[in-house]
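Below, read A as the first sequence line, B as the second, and so on, with proteins coming before strands; counting in each chain starts at 1.
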Amino acid sequence: QDEFASVLRACGDSRDIVEGKNIHSQIRRSEHRENIFLANLLLQMYGKCGSLADVRNVFDGIQHPNKFSWSMLIAAYVGNGDVQEARNTFNRMPARSVVAWNTFLVAYARHGFLEEANEMFKLMPQRDAVSWNIMIQFYSQTGHLEAAKKMPILNMVSSNTMITAYAQHGLLQEAKLIFDSMPERNVVSWSAMVQAYAENGQFQWAMSMFIKMPYQNIISWTVMLQACAQNGYQEAAVMMFDQMPCRNIITWIVLVSGTEAAALAFQKMPAHNVVSCTIMIQKLTSKGCVDEVELVFDQMLERS
RNA sequence: GCCCGACAUCCAAAUCCUA
């Protein structure tokens, strides 16, 4: 049922495990209780919500897991940092799809296991564009830019990854060269360039990219907001924030961490999490506001 | 028998951690 499917997706995206479990029991009571498509989406939802016990439970209830079930199980373990279980699953699955290989490759890549990732990549029976892109990202983030450069650019994601890789190594011209040579660009390409300039002190270029991009989303707005704050444009940052068509908790956090009026912004935030409280505590600590630190800290404990 | 067929893996935004 498409109805169940889209609600499950939404629960996964918003990490709403309560609603997710609610849907789960509705499915169990419905004619779809054996539906593997919905079972797979349940796996994904529980994985995103970080409930590995439920993931296992659902998986064990599937009579004949298909390739989607298996790779979602691996993805759930990888996403929650359980490399051991991801490996066990990978080893005991009957037929390993490219996606399963890729998903598991990500586990090694995220943990910076260079030899293991290289070995794995070499052993793969097939490699697709995603496999190569995982390696580009992996080499870049472990500081092996030369190795990353040797990889083929297969699609837009490869290019976007290389833009970020060059920018993180301070190589703006190279990043721009990739950007200019792309046959087509998406919002990620543009945002990556905005950030590339911003992080390398080229505020004007960042701004001009931001204005030129075909459309902005919440991430590009947030990147630009941070660009203002980072480069010392306090008023611009506040103006930016006020003009934004949409905001989420991360936007608010960037405002709190990047501007002078942190305490005020912190109070006005519609919601808080561990990160927002941590940043506020850091700010208050550096100013020696002992009482306020305790207040925020207690708030944070209450919440979790 | 063959082809096709919903759902999985990679890229851009926040603090620290991830042995």
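- Between A:His144 and A:Phe138, the ring center distance fails the sub-6.0 Å criterion.
- We find that A:Asp60 and A:Arg56 are not joined by a salt bridge, their nearest charged nitrogen and carboxylate oxygen being 4.0 Å or further apart.
- Across all strands shown, A:Ile250 has heavy atoms under 4.0 Å from base atoms, whether or not it also approaches the sugar-phosphate.
- Atoms CD1 (A:Ile253) and P (B:A13) sit 14 Å apart, rounded to a whole Å.
- The side-chain heavy atoms of A:Gln195 and A:Thr164, taken from C-beta on, include no pair separated by under 4.5 Å.
- Evaluation of the ring pair (Phe, Tyr, Trp, His ring centres under 6.0 Å) test over residues 62-94 of chain A, restricted to residues two or more places apart or in two chains, returns A:Phe59-A:Trp70, A:Phe90-A:Trp101, A:Phe90-A:Phe104.
- Nucleotide B:A19 holds its P atom 14 Å from the CD atom of A:Gln84, rounded to whole Å.
- Nucleic acid contact class of A:Ser257 (heavy atoms, under 4.0 Å, all strands): none.
- Nucleotide B:A13 holds its P atom 12 Å from the CG atom of A:Asn160, rounded to whole Å.
- Closest approach to the A:Asn248 side chain among B:A8, B:U9, B:A13 is made by B:A13 (side chain taken as heavy atoms from C-beta onward).
- Among B:A8, B:A12, B:U9, the nucleotide with an atom closest to any side-chain atom of A:Ser71 is B:A8.
- Under the 4.5 Å side-chain criterion, counting only non-hydrogen atoms from C-beta, A:Val256 is not in contact with A:Ser276.
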Return the polar atom pairs (N/O with N/O) between nucleotides 5-7 of chain B and the protein under 3.5 Å, or none.
from, atom 1, to, atom 2, distance (Å)
B:C7, O2, A:Asn40, ND2, 2.9

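- In this structure, A:Ile74 atom CD1 and B:C10 atom P are separated by 13 Å, rounded to whole Å.
- For A:Phe210 and A:Trp190, the ring centers sit 6.0 Å or farther from each other.
- One distance of note links CZ of A:Phe241 with CG of A:Leu255; it measures 5.0 Å at 0.5 Å rounding.
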Would you tabulate the nitrogen or oxygen pairs shorter than 3.5 Å linking the protein to nucleotides 15-18 of chain B?
from, atom 1, to, atom 2, distance (Å)
B:U15, O2', A:Gln282, NE2, 2.9

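- In this structure, of B:A12, B:A14, B:U9, it is B:A14 that holds the atom nearest to the side chain of A:Asn273.
- Rounding to whole angstrom units, OH of residue A:Tyr77 and P of B:U9 are separated by 17 Å.
- Rounded to an integer number of Å, the gap from A:Ile136 CD1 to B:A12 C1' is 15 Å.
- Across the protein-nucleic acid pair, A:Asn155 atom CG and B:C10 atom P stand 13 Å apart, rounded to whole Å.
- Between the side chains of A:Gln230 and A:Glu199, at least one donor N or O lies within less than 3.5 Å of an accepting N or O.
- Residue contacts shown for A:Asn80 are absent, as no nucleic acid heavy atom lies under 4.0 Å away.
- Residue A:Thr222 is classed as a base contact, given a heavy-atom separation below 4.0 Å to a base.
- A:Glu85 and A:Asn88 form a side-chain donor-acceptor contact under 3.5 Å, judged by distance and modelled atom types alone.
- Nucleic acid contact class of A:Ser97 (heavy atoms, under 4.0 Å, all strands): base.
- Among the atoms of the strands shown, base atoms are found under 4.0 Å from some heavy atom of A:Ser191.
- The interatomic distance linking A:Met93 (CE) with B:A8 (C1') rounds to 10 Å, in whole Å.
- No donor-acceptor contact under 3.5 angstrom links the side chains of A:Gln141 and A:Gln168, judged on distance only.
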